[in-house]
*Asks:* 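Just dropping this structure here.
By convention in this document, chain letters (A, B, ...) are assigned in the order of the sequence lines, proteins followed by strands, and residues within each chain are numbered from 1.
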There are 2 protein chains.
Amino acid sequence: MFLSTTTNNLDAKGRISVPSDFRAVVGDGGFDGIVVWPSFDGDYLEGGGIALLENYMRSLETMDHYDEGRMALQRAIFAESRKLAFDGGGRVTLPRELADYAGLNGTATFVGLGPRFEIWNSKKYESHIGDVRRLARENRNRLVSLKRAGGQA
Amino acid sequence: MFLSTTTNNLDAKGRISVPSDFRAVVGDGGFDGIVVWPSFDGDYLEGGGIALLENYMRSLETMDHYDEGRMALQRAIFAESRKLAFDGGGRVTLPRELADYAGLNGTATFVGLGPRFEIWNSKKYESHIGDVRRLARENRNRLVSLKRAGGQA
DNA sequence: TTGTATCCCATAAATTCCCATGTTATCCCA
DNA sequence: TGGGATAACATGGGAATTTATGGGATACAA
C-alpha cells in the first residue's frame, strides 16, 4: 500500500529518487521498477507497481469488448504507460514527455493513495491539497460509516 | 482494541515509545508498526494498525470511482499517513512535520479510543479532557439506552 | 557529433540498528 | 504473604546502514 507524501529532486538528467517506502511496495511482479502514465483527470502522473496494471488488465477483461469505456481505458492507461526501472540508487529516469505533461521541474511530489500513487508538480500539489482537505472534512461522515462497517483496528 | 491513556517521552531524535498495550494490538497486517496521520478535527494525530488503513481502502473501493468525496477522502487519508516501524525497543520515530502539526515536544500522550488512538500534546490533552468529561456526563443517558439495547457490559 | 540512456562511484544527511541502564511490573517460593 | 529474583518496559547514546543526490564515464542511436 502506497502511503504518505514525499517531495524529491528531479535532476538535469530527468532522474528522480522513488521514495524508499514506495520501492518496498513494488517488489512483486518480477520487475524492479514502477509503471507511470499521464492522468486523464489532470496534469499530473499516475503510477504503481506492475501488479497494479495486471489488476487493471483483469478488470478490463470482465468488461464488454466493444464497451467505449473499456477501449478508452485501454488506450489511456496501457498505451500511455511507461515502465521505469530503478537504477542502483533507487531512482528512475522520467521520460521528457511525462515530465512535460505534469509540468515537472526541479522537484516533484510523490503522493501515496493506497493501491496507486500520483506524481505532481510540487507547487501545484500544495495549492491543490487545501481543497482536498476541505472536501475530505465535508465527506467525513461517510468515512465514519465505513469505520462501523469495517472490522477491527 | 486500544485502551487507556499513556504519556511517554519524545526524545531529541523524535523517538517515542509506543505503549506496550498498543504494540500488542497491531501485530496483524504483516507490518510491525503503526500508521499515523494528522487529524481532520484538530491539532493532534490519529493512528492505528495497518489493518485499519486496509479497511479504509477496501471500503473506498466500493464507492464510485469518480465521486469527488471519495477521491478527497482517499487523498486526505492515504497521502497524509505515515507508516512508522517499531525499533528494537518498541519505539517509533515521529516525522518532524507530524510532531509539529500536533505541537509535540518533550512528551506526548497516547489516548486509546477502541479501534484507533490519538496522540496529543500532553498539556493540551489535560485541558481537553475536562471538556470531554463534561460532555460525557451530559450524554450519560444515551449510553444507558445503548446498554439496554445492546448485549453485555 | 550530439543528444540520450546506462552504469558506476562518491558523499552528506537522515534513518535505523544495537547496546546499555534505570525503573517498574511480574513471578516464584519459602 | 513477604520479600527477592526475573522479566518487561521506557529511555539514552553511539555506530552502522540506508537514502537521496550529484557527477562522471561509457555505450548507443539519431
*Asks:* How close or far is atom C1' of C:dT16 from atom CZ of B:R82, stated in whole angstroms?
*Replies:*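 It is 15 Å, rounded to the nearest whole Å.
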
*Asks:* Would you please classify the geometry between the B:F117 ring and the B:F22 ring as parallel, tilted or perpendicular, with 30° and 60° separating the classes?
*Replies:*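 The arrangement is tilted - the two ring planes meet at 30° to 60°.
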
*Asks:* Which heavy-atom pair separates A:G48 from A:V26 by the least distance, and what is that distance?
*Replies:*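 For A:G48 and A:V26, the tightest heavy-atom pair comes out as C-CG1, 4.3 Å.
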
*Asks:* Counting only side-chain N and O atoms of B:N9, is one of them less than 4.0 Å from OP1 or OP2 of D:dT11?
*Replies:*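 Checking D:dT11 against B:N9, a side-chain N or O does come within under 4.0 Å of OP1 or OP2.
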
*Asks:* Within 45° of the six-membered ring axis of B:Y56 and under 6.0 Å from that ring's centre, is NZ or CZ of B:R116 located there?
*Replies:*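 Pair B:R116/B:Y56 does not count as cation-pi.
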
*Asks:* Measure CG/B:L10 against C1'/D:dT11 and give the value in whole Å, please.
*Replies:*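 Atom-to-atom, B:L10 to D:dT11, this comes out as 12 Å.
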
*Asks:* How close or far is atom C1' of C:dT6 from atom CZ of A:F86, stated in whole angstroms?
*Replies:*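 Atom-to-atom, A:F86 to C:dT6, this comes out as 16 Å.
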
*Asks:* Measure from CG on B:L84 to C1' on C:dC17 and round the result to the nearest Å.
*Replies:*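 Taking CG of B:L84 and C1' of C:dC17, I get 17 Å after rounding.
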
*Asks:* May I ask which nucleotide in the shown strands pairs with C:dA30, Watson-Crick or G-U wobble, both distances under 3.5 Å?
*Replies:*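 When the pairing criteria are applied, D:dT1 turns out to be the nucleotide that pairs with C:dA30.
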
*Asks:* Distance-only, no hydrogens or angles: does the A:N121 side chain make a donor-acceptor pair with backbone N or O of A:K123 under 3.5 Å?
*Replies:*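 Answer holds: yes.
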
*Asks:* Can you list everything that forms a salt bridge (Lys or Arg N to Asp or Glu O under 4.0 Å) with A:E61? Sequence neighbours excluded, please.
*Replies:*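 If we apply the salt bridge (Lys or Arg N to Asp or Glu O under 4.0 Å) test to A:E61, skipping adjacent residues, there are no hits.
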
*Asks:* Strictly below 4.0 Å, heavy-atom distances to any atom of DNA chain C: list the hits from residues 15-22 of chain A, or just say none.
*Replies:*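 Within residues 15-22 of chain A, the residues near DNA chain C are A:R15.
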
*Asks:* Nearest-Å distance, CG (B:D11) to P (D:dA10)?
*Replies:*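 Spelled out: CG on B:D11 to P on D:dA10 is 14 Å.
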
*Asks:* Side chain to side chain contact (heavy atoms under 4.5 Å, CB included) between B:M57 and B:L53: does it pass, once the steps are laid out?
*Replies:* CA-CA 6 Å; B:M57 189 167 77; B:L53 272 281; over 6 Å; no

*Asks:* Could you grab the distance from atom OH of A:Y101 to atom CG of A:L45, nearest 0.5 Å is fine?
*Replies:*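 A:Y101 atom OH to A:L45 atom CG measures 8.0 Å (nearest 0.5 Å).
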
*Asks:* For the base of C:dG3, is there a side-chain donor-acceptor partner from A:K13 under 3.5 Å away?
*Replies:*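 Answer no: no donor N or O sits under 3.5 Å from an acceptor.
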
*Asks:* Return the CD to OG distance between B:E97 and A:S4, rounded to the nearest 0.5 Å.
*Replies:*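 B:E97 atom CD to A:S4 atom OG measures 8.5 Å (nearest 0.5 Å).
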
*Asks:* Donor-acceptor pair, distance only, cut-off 3.5 Å: does the side chain of A:N8 make one with the backbone of A:S17?
*Replies:*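 Yes: the side chain of A:N8 pairs with the backbone of A:S17.
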
*Asks:* Is there a residue in residues 87-105 of chain A whose heavy atoms reach under 4.0 Å of DNA chain D, and which residues are they?
*Replies:*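 A:G89, A:R91 - these, ordered by number, are the residues of the stretch whose heavy atoms sit under 4.0 Å from the strand.
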
